[in-house]
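Notes for the one structure printed next.
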Amino acid sequence: GSGAAGLSCALAARGARVALVTKTRFGEGGNSPWAQGGMAAAVGDGDSPADHARDTVEAGAGLCRDEAVSLLTSSAPAHVRRLLALGTRFDRTTGGLLALGREAAHGPPRILHANGDGTGRELVRALAAAVRAAAHVTVHDETEVERLCLAGGRVLGAWTRSRGGIRTLMLAPAVVLATGGCGQLYHHTTNPPEATGDGVALAARAGALLADLEFVQFHPTALAVGADPLPLVTEALRGAGATLVDEQGRRFVLAAHPDGELAPRDAVARAAWRHAEGGHRVLLDARAAVGEAFPDRFPAVFDACRQHGLDPRRQPIPVTPAAHYHMGGVATDLRGRTSIPGLWACGEVASTGVHGANRLASNSLLEALVFGAEVAGDIRRIAPAGPVPAALAPPVPPAEWAIDEGVSAAVLDADLAEIRRTMWDQVGLERTAVGLEGAVGRLADLEPASCSRRARDLALLGRLVATAAFTRQ
Ligand code: SIN
């Protein structure tokens with residue numbers, strides 16, 4: 001993967017030889033470049049990693065793993081310095097200090113941002129430039145991993161397929177999944193088309209332990225314009241004072257949570273969902289709080305609004321919850337080790353327990369930076385030097401592993417649409433036992449019936465998420 005986690009890991013693995021495999025064009029794919037709000041770090045006056053940790057655990061509904069939270073929040077200032085040393089251009093105050101924004105469920109303002117709401121793009125620009133210049137990294141872009149190569153209970157490498165259709169077995173003493181999220185499991189998502197949960201499916205098929213799969217985060221404010229994916233309307237707008245209102249201009253989130261629009265993301269998303277289910281429109285009103293400054297402060301959101309004929313300076317804009325981030329994933333320890341020797345995971349694909357049941361806003365770029373570097377450190381310490389003997393690897397991969405060849409786009413789209421609808425309707429913001437059981441059954445039928453690997457993987461992942469949700473009491 002070539003999002004923030006993969007880039008952070010590859011860079012920090014200096015001293016090893018790294019092959020970075022990514023299915024998109026290098027530096028352009030995944031959720032990282034789309035991240036708007038920013039990156040949380042306790043670098044402001046009066047703030048501390050302990051306060052950041054407390055907010056993280058509270059947003060995570062008490063289900064976070066404390067050691068992971070402590071590692072994340074105490075490492076944050078060092079990773080800010082690392083990014084600055086790489087030339088990351090964070091926004092600054094007129095006095096030249098790092099400008100810190102406010103987001104929901106954070107005590108003080110502690111969100112670093114770049115180009116207003118273009119933080120992810122700037123981070124990826126700086127990291128990708130450093131990776132391009134790093135002699136120890138070779139990039140294989142527009143190349144997909146078909147399967148992990150396992151022998152003797154160890155991961156020995158991965159079968160890959162390039163855009164030109166060439167299949168290659170890459171052998172390596174250490175394989176890192178940094179494949180990002182799975183927002184495409186859902187009918188409404190803020191995630192790009194490539195966020196299809198490939199890493200979790202690869203790990204599941206290899207028999208790795210998975211954790212907390214039922215914890216899917218729904219962002220309260222995607223722009224409700226019928227696009228796929230839906231454009232994100234950053235949380236930083238609510239941090240700046242924008243309010244959620246209905247068709248009468250009435251605020252409704254305060255009735256659900258005393259912190260109103262600045263409550264943890266799950267509470268705000270559920271309030272918006274229930275209000276819409278009650279027959280109301282849900283709108284974000286930034287006219288008073290941001291007004292004429294909108295294009296300068298939030299250029300990406302402003303552009304998205306204008307593309308859909310909306311002007312957030314003059315009107316409340318329609319918003320809806322949408323799948324945004326997966327807290328669950330491939331179970332790892334704090335060094336990113338999975339349950340299978342030879343396999344590590346970092347970033348959104350991993351489940352370290354750092355986010356509990358609900359990730360605190362702007363902790364995901366930070367997680368990618370921190371855990372990417374932790375994985376690299378562990379690999380440098382323990383992975384054997386030198387190549388894996390080819391004789392250990394199994395021979396030619398079976399045909400059913402192949403990434404979709406000869407499947408018509410219409411068939412693929414129809415399969416994916418049904419999976420995504422099932423997940424949205426039955427495994428979404430509010431779930432019932434009956435609905436979850438129905439979803440598990442439907443997805444179990446869809447998986448073998450689908451003629452594309454993409455749809456089979458997504459159906460598998462959906463079934464696992466629904467099963468985990470059913471099991472969680
Ligand atoms: C946002 O800008 O609202 C998204 C930030 C995040 O997902 O942490």
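Order of listing sets the numbers, starting from 1, for every ligand and every atom in it. Every value quoted in this text rests on a predicted model; they were computed, and no experiment measured them.
Legend: ring pair (Phe, Tyr, Trp, His ring centres under 6.0 Å) pairs involving residues 224-270, not counting sequence neighbours, sorted by first then second residue: F252-H275. Under the ring pair (Phe, Tyr, Trp, His ring centres under 6.0 Å) criterion, no residue pair touches residues 33-90, with sequence neighbours excluded.
Within 4.0 Å of ligand 1, protein heavy atoms belong to Q36, G37, H219, L232, T234, E235, R265, H324, R359, A361, S362, listed by chain and number.
For the pair R359 and Y325, the cation sits on the ring face: its NZ or CZ lies under 6.0 Å from the ring centre, inside 45° of the axis.
Scored by the salt bridge (Lys or Arg N to Asp or Glu O under 4.0 Å) test, D91 finds no partners at all (sequence neighbours excluded).
Side-chain contact check for L283 versus V319: every heavy-atom pair is 4.5 Å or farther apart.
Residues Q217 and H355 have side chains that never bring a donor and an acceptor to within less than 3.5 angstrom of each other.
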